[in-house]
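Below is one structure, written out as structure tokens; the observations come after it.
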Number of protein chains: 2
Amino acid sequence: MAYAKVEHDVVIDKLMEVFRSAGYDGASMAALAEATQLKKASLYHRFPQGKEEMAHAVLRYVANWAKNRITDVLVSDSTREERLDSALNAIDELYDGGRLDCILRALSHGSAANLFRKETGAIFETLIRSFKHLAMDFGHDEQHAEQLAGELIVKIQGTLIVQRSLGGTSMFKAMLDDMRTKFMKTNL
Amino acid sequence: MAYAKVEHDVVIDKLMEVFRSAGYDGASMAALAEATQLKKASLYHRFPQGKEEMAHAVLRYVANWAKNRITDVLVSDSTREERLDSALNAIDELYDGGRLDCILRALSHGSAANLFRKETGAIFETLIRSFKHLAMDFGHDEQHAEQLAGELIVKIQGTLIVQRSLGGTSMFKAMLDDMRTKFMKTNL
DNA sequence: TTTCAAATACCGAACGATCGGTAAAGAAAT
DNA sequence: ATTTCTTTACCGATCGTTCGGTATTTGAAA
């Protein structure tokens with residue numbers, strides 16, 4: 001009988017889906033196996049260190065996503081408005097307009113709190129640094145640019161949480177619009 | 001043998017401690033029992049519906065805390081500056097300067113995502129409404145007041161998450177300071 | 001091009017530990 | 001003596017993990 005054969009990228013994507021929605025503790029091997037269409041033992045073949053290694057692999061994927069969809073875009077040769085829109089659109093996609101949870105947050109709590117701090121911290125730093133550079137392209141001074149970039153990242157996380165309890169998707173969209181305006185408005 | 005006898009409020013407090021640090025899924029009955037100094041069966045005597053009922057009790061406690069430490073304070077007869085400081089100090093205490101996790105967030109994810117939405121949403125709404133009234137006392141128009149209150153609540157959540165990965169406590173303190181300034185500065 | 005063994009990938013079954021939950025016995029309070 | 005609360009002891013289910021073995025692919029010798 002032919003057995004399941006699943007592409008690595010597909011496996012990572014499915015793992016991320018489970019981790020982000022169930023959290024690290026809530027992501028059972030049974031759920032991870034069902035999502036990836038692999039049996040538990042097969043997951044251990046690919047990730048000998050188990051759940052922890054899977055989460056690390058997901059974080060590597062996320063760091064790569066951030067580089068491709070944010071960092072690299074923000075230093076491309078298109079106009080600053082186009083770069084800003086591309087990056088914000090990527091974020092809007094990533095979270096499906098605020099409907100989806102953030103994988104970085106999911107891997108920052110519970111028993112995962114101390115396991116992946118270095119990785120999640122590095123990704124947050126990368127994102128902030130990238131948006132800071134963009135803000136400076138819009139003419140903001142360095143201090144203001146850093147503050148603006150931090151505000152964006154913080155508000156993404158905060159809005160995801162608050163919106164989850166209050167319902168809807170309008171908060172997230174409004175927040176992205178508002179931040180877009182703030183980036184473009186150089187002279188306050 | 002004399003057996004444990006623990007005050008209800010103490011039990012709630014310890015339950016909250018476990019929920020907020022481990023998350024709903026990560027909070028095992030064993031951990032909840034150890035934290036409260038009660039045996040598992042005793043917890044089931046006090047909370048016949050188990051973990052879910054415990055979380056509901058904790059949320060009732062939190063709603064009460066919000067009313068006492070935020071809502072009521074913000075409509076007291078002291079000056080608006082004093083009321084603002086009292087409320088922000090209460091928040092700073094609650095999260096221990098950003099070191100502690102938010103119980104509302106902890107009960108909004110994983111398998112708890114759909115269990116407590118009504119309660120967590122109501123608390124978020126109460127907080128936003130309270131701070132909105134305070135903002136209006138500072139002379140902000142209604143729309144701006146609502147935006148400012150929402151920004152505060154969102155940034156509290158977001159900063160807690162980002163700071164957890166980046167380390168330290170300076171982000172949280174700076175955020176509270178910044179929001180305090182924004183509330184007091186009526187004319188932009 | 002065929003052969004076939006080594007390497008790779010997957011799976012069923014089971015491990016000990018821990019999960020949430022319960023029944024019955026025992027202690028404290030009324 | 002009755003009620004209320006805690007405790008011991010235990011349950012079946014599920015947890016993450018491992019092992020023995022099977023299917024598939026690879027690649028080099030024939």
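Residue numbers begin at 1 in each chain, while the letters A, B, ... track the order of the sequences.
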Quick one: is [N] close enough that its OP1 or OP2 comes under 4.0 Å of any side-chain N or O from [X]?
| X | N | result |
| --- | --- | --- |
| Lys39(A) | dC10(C) | no |
| His45(B) | dT6(D) | no |
| Arg46(A) | dC10(C) | yes |

Item to check | Partner residues of Phe116(B) under the ring pair (Phe, Tyr, Trp, His ring centres under 6.0 Å) criterion, sequence neighbours left out | outcome: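 Ring pair (Phe, Tyr, Trp, His ring centres under 6.0 Å) check on Phe116(B) returns Tyr24(B), His56(B).
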Next on the checklist: Per the salt bridge (charged side-chain N to carboxylate O under 4.0 Å, His left out) rule, what does the pair list look like for residues 54-76 of chain A, sequence neighbours excluded?
Outcome noted: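 Sorted result for residues 54-76 of chain A: Lys67(A)-Asp72(A), Arg69(A)-Glu93(A).
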Item to check | Residues that Asp85(B) engages under salt bridge (charged side-chain N to carboxylate O under 4.0 Å, His left out), provided they are two or more places apart | outcome: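 Expected list: Arg180(B).
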Take atom [atom1] of [X] and atom [atom2] of [N], then tell me their distance rounded to the nearest Å.
| X | N | atom1 | atom2 | value |
| --- | --- | --- | --- | --- |
| Lys51(A) | dT17(D) | NZ | C1' | 12 Å |
| Glu53(B) | dG20(C) | CD | C1' | 15 Å |
| Phe47(B) | dG21(C) | CZ | C1' | 16 Å |

Nucleotide nearest [X] (side chain, heavy atoms from C-beta), chosen from [options]:
| X | options | result |
| --- | --- | --- |
| Ser42(A) | dC10(C), dT7(D), dG16(D) | dC10(C) |
| Leu38(B) | dT6(D), dG21(C), dT8(D) | dT6(D) |
| Tyr44(B) | dC11(C), dG20(C), dT8(D) | dG20(C) |

Checklist entry - Under 4.0 angstrom, heavy atoms only, what part of the nucleic acid is Lys40(A) near: base, sugar-phosphate, or nothing? => result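 Lys40(A): base contact, heavy atoms under 4.0 Å.
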Item to check | Pairs satisfying side chain to side chain donor-acceptor pair (under 3.5 Å), at least one member in residues 9-22 of chain A, at least two apart | outcome: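 Passing the test, one end in residues 9-22 of chain A: no pairs.
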Quick one: side chains of residues 121-131 of chain B, donor-acceptor pairs under 3.5 Å with protein atoms, not counting sequence neighbours, listed by atom name and distance.
from      : atom 1 : to        : atom 2 : distance (Å)
Thr126(B) : OG1    : Ala122(B) : O      : 2.9
Ser130(B) : OG     : Thr71(B)  : OG1    : 3.0
Ser130(B) : OG     : Thr126(B) : O      : 2.9

Checklist entry - Do Val154(A) and Met175(B) touch side chain to side chain, with heavy atoms closer than 4.5 Å? => result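 Counting from C-beta outward, Val154(A) and Met175(B) never come under 4.5 Å.
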Next on the checklist: Below 4.0 angstrom, which residues in residues 17-34 of chain A have at least one non-hydrogen atom near DNA chain D?
Outcome noted: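 Of all residues in residues 17-34 of chain A, the ones placing a heavy atom under 4.0 Å from DNA chain D are Ala27(A), Ser28(A), Met29(A), Ala30(A).
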